[in-house]
Amino acid sequence: MKKRGNITWHLSTVSKDDRLLLNGHKSCVLWFTGLSGSGKSTLANAVDQILFQESYRSYVLDGDNIRHGLNRDLSFLPKDRNENIRRIGEVAKLFVDSGQIVCTAFISPFLEDRELVRKMFEPGEFIEIYLNCPIYVCEDRDPKGLYKRARKGEILEFTGVSSPYETPINPEIIIDSDKMTIEQSVEKVIRYLKDKKIL
Ligand SMILES: Nc1ncnc2c1ncn2[C@@H]1O[C@H](COP(=O)(O)OS(=O)(=O)O)[C@@H](OP(=O)(O)O)[C@H]1O
Ligand SMILES: Nc1ncnc2c1ncn2[C@@H]1O[C@H](COP(=O)(O)OP(=O)(O)O)[C@@H](O)[C@H]1O
């Protein structure tokens with residue numbers, strides 16, 4: 001029985017396997033990572049929509065939204081980004097335990113943080129999806145006008161401008177979002193899930 005201090009882990013009566021059986025598919029985390037404007041939210045939502053339409057159980061956790069609530073106390077300094085990702089990893093783990101496919105859209109710029117989250121999961125459950133997109137394209141898209149403000153010095157510690165992004169070394173999926181359409185990108189993710197018998 002897992003223990004930490006005076007706290008003992010309580011096993012659920014309904015197990016994860018029971019839930020997977022009921023749902024008829026495996027659970028996993030689709031961890032979208034990349035620069036601001038690389039397409040994480042767009043793709044996470046597009047994949048979620050397809051999964052939903054096909055009756056799979058899925059949900060999106062998005063950086064901007066989570067920072068309005070659960071993580072509203074965190075800044076963009078490295079130690080707060082570490083904590084942001086650690087918490088999201090824990091939340092994603094709850095979703096996976098509940099039998100769902102959870103799509104997370106966080107910049108998650110640090111290799112070590114992403115590896116820490118990977119280790120929270122069973123092999124094959126953590127699927128890292130790197131939105132590979134040159135910064136000049138992201139900056140050109142600038143959907144929220146944040147790059148413009150960061151270049152003017154109005155936003156400090158902005159990823160790609162004044163804060164680093166560490167490229168994934170061996171992600172499960174790479175999406176070249178400057179060369180692929182959204183439909184092609186969704187198709188690549190869904191194909192991966194089918195090939196791995198998650199769907
Ligand atoms: N300084 C700075 N750097 C980067 N991004 C910033 C910053 N300030 C605000 N924003 C907005 O916050 C979104 C990123 O939040 P995340 O939780 O994904 O960031 S992180 O994973 O902790 O690095 C990010 O969303 P996306 O553009 O969807 O990536 C921005 O809209
Ligand atoms: N293949 C693609 N995948 C995702 N987004 C794309 C793609 N091609 C173009 N885009 C566009 O890039 C922008 C990405 O914005 P967004 O999804 O908010 O990025 P992020 O969440 O990474 O900040 C959107 O306007 C989207 O329409």
Side-chain angles (χ1 to χ4, degrees), residues 29-51 59-92 102-118 120 126-168 171-192:
V29 51
L30 297 174
W31 190 276
F32 294 88
T33 173
L35 292 169
S36 177
S38 60
K40 303 180 297 297
S41 303
T42 303
L43 210 50
N45 280 283
V47 168
D48 182 50
Q49 190 179 18
I50 295 288
L51 292 174
Y59 195 71
V60 176
L61 298 173
D62 187 284
D64 275 318
N65 298 355
I66 297 287
R67 280 175 174 277
H68 275 99
L70 177 67
N71 290 350
R72 68 188 308 160
D73 57 322
L74 301 178
S75 74
F76 287 91
L77 290 171
K79 72 168 180 35
D80 278 356
R81 294 195 199 235
N82 301 150
E83 177 59 10
N84 185 37
I85 298 312
R86 188 195 69 80
R87 286 186 203 171
I88 298 312
E90 293 289 353
V91 173
V102 58
C103 307
T104 66
F106 296 81
I107 296 177
S108 42
F110 302 122
L111 270 168
E112 206 179 318
D113 293 343
R114 296 193 301 265
E115 285 313 299
L116 194 128
V117 175
R118 181 185 287 278
M120 293 178 187
F126 179 85
I127 299 158
E128 188 174 29
I129 304 175
Y130 172 41
L131 275 291
N132 179 31
C133 187
I135 188 157
Y136 71 87
V137 176
C138 297
E139 200 157 351
D140 195 44
R141 290 176 179 165
D142 206 4
K144 297 168 222 157
L146 296 178
Y147 281 99
K148 201 173 283 171
R149 292 180 52 210
R151 292 287 179 201
K152 281 201 260 172
E154 290 173 11
I155 307 176
L156 304 178
E157 299 273 343
F158 195 80
T159 308
V161 175
S162 45
S163 185
Y165 178 81
E166 297 172 357
T167 305
E172 277 73 9
I173 305 175
I174 300 177
I175 302 287
D176 296 315
S177 81
D178 61 325
K179 300 188 186 82
M180 294 162 72
T181 64
I182 296 168
E183 291 70 28
Q184 288 168 335
S185 307
V186 172
E187 166 63 23
K188 189 168 180 179
V189 175
I190 299 289
R191 200 177 335 116
Y192 179 92

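Both counts, for ligands and for their atoms, begin at 1 and track the order of listing. Along the sequence shown, residues are numbered consecutively beginning with 1.
Only the side chain of Ile85 comes within 4.0 Å of ligand 1, judged by heavy-atom distances. At a 4.0 Å heavy-atom cut-off, ligand 1 touches Ile107 through backbone and side chain alike. Under 4.0 Å from ligand 1, the heavy atoms of Ile155 that appear belong solely to its side chain. Only the side chain of Leu146 comes within 4.0 Å of ligand 1, counting heavy atoms alone; its backbone N, CA, C and O stay farther away.
At the top of the distance list for atom 21 (O) of ligand 1, counting protein heavy atoms only, stands Ser108 N, 2.8 Å. Protein heavy atom at the shortest distance from atom 16 (P) of ligand 1 is Arg67 NE, 3.6 Å. Taking atom 23 (O) of ligand 1 as the reference point, the nearest protein heavy-atom neighbour is Arg81 NH1, 2.8 Å. Annotation: atom 20 (S) of ligand 1 to nearest protein heavy atom, Asn84 ND2, 3.7 Å. In terms of protein heavy-atom proximity, atom 24 (C) of ligand 1 is closest to Asp64 OD1, 3.9 Å. Ranking the protein heavy atoms by distance from atom 27 (O) of ligand 1 puts Ser36 OG, 2.5 Å first. Ranking the protein heavy atoms by distance from atom 29 (O) of ligand 1 puts Lys40 NZ, 2.8 Å first. Of the protein's non-hydrogen atoms, Lys144 NZ, 3.2 Å is the one closest to atom 26 (P) of ligand 1.
Taking 4.5 Å as the limit, every side-chain heavy atom of Thr159 sits out of range of all side-chain heavy atoms of Ser36. Looking at heavy atoms from C-beta onward, Phe32 lies in side-chain contact with Val47 at the 4.5 angstrom threshold. By the 4.5 Å heavy-atom criterion applied to side chains, Ile85 and Leu116 are not counted as neighbours. Between Leu35 and Glu139, every side-chain heavy-atom pair lies at or beyond the 4.5 Å cut-off. Contact check for Asp140 versus Tyr147: no side-chain heavy atoms found under the 4.5 Å cut-off. Side-chain contact between Phe110 and Pro164: present, with at least one pair of heavy atoms (C-beta onward) separated by less than 4.5 Å.
Closer than 4.0 angstrom to ligand 2 by heavy atom are Leu35, Ser36, Gly37, Ser38, Gly39, Lys40, Ser41, Thr42, Arg141, Pro143, Ser177, Met180, Thr181, Ile182, Ser185, sorted by chain and number.
Those atoms of ligand 1 with a heavy atom of Glu157 less than 4.0 angstrom away are 1 (N), 2 (C), 3 (N). Below 4.0 Å from some heavy atom of Leu156 lie the following atoms of ligand 1, by number and element: 1 (N). Residue contact check: Thr159 has heavy atoms under 4.0 Å from atoms 3 (N), 4 (C) of ligand 1.
Put simply, the residue from Arg118, Arg114, Lys188 that forms a salt bridge (charged side-chain N to carboxylate O under 4.0 Å, His left out) with Glu172 is Arg118.
In this structure Asp64 satisfies the salt bridge (Lys or Arg N to Asp or Glu O under 4.0 Å) test together with Lys144, sequence neighbours excluded.
Electrostatic pairing of Arg87 and Asp73 counts as a salt bridge here, judged by a charged N lying under 4.0 Å from a carboxylate O. The pair Arg191-Glu187 meets the salt-bridge criterion, since a charged nitrogen lies less than 4.0 angstrom from a carboxylate oxygen.
Ser177 places no side-chain N or O within 3.5 Å of a backbone atom of Cys133 that could act as its donor or acceptor partner. Under the 3.5 Å distance criterion, the side-chain polar atoms of Asn132 are left unmatched by any main-chain donor or acceptor of Ile174.
When Phe158, Phe32, Phe76, Tyr147 are checked for heavy-atom proximity to atom 9 (C) of ligand 1, Phe76 turns out nearest.
Tyr165 and Thr33 are linked by a side-chain donor-acceptor pair at a separation below 3.5 angstrom, with hydrogens and angles left out of the test. Side-chain atoms of Asp113 and Ser108 include no donor-acceptor pair closer than 3.5 Å.
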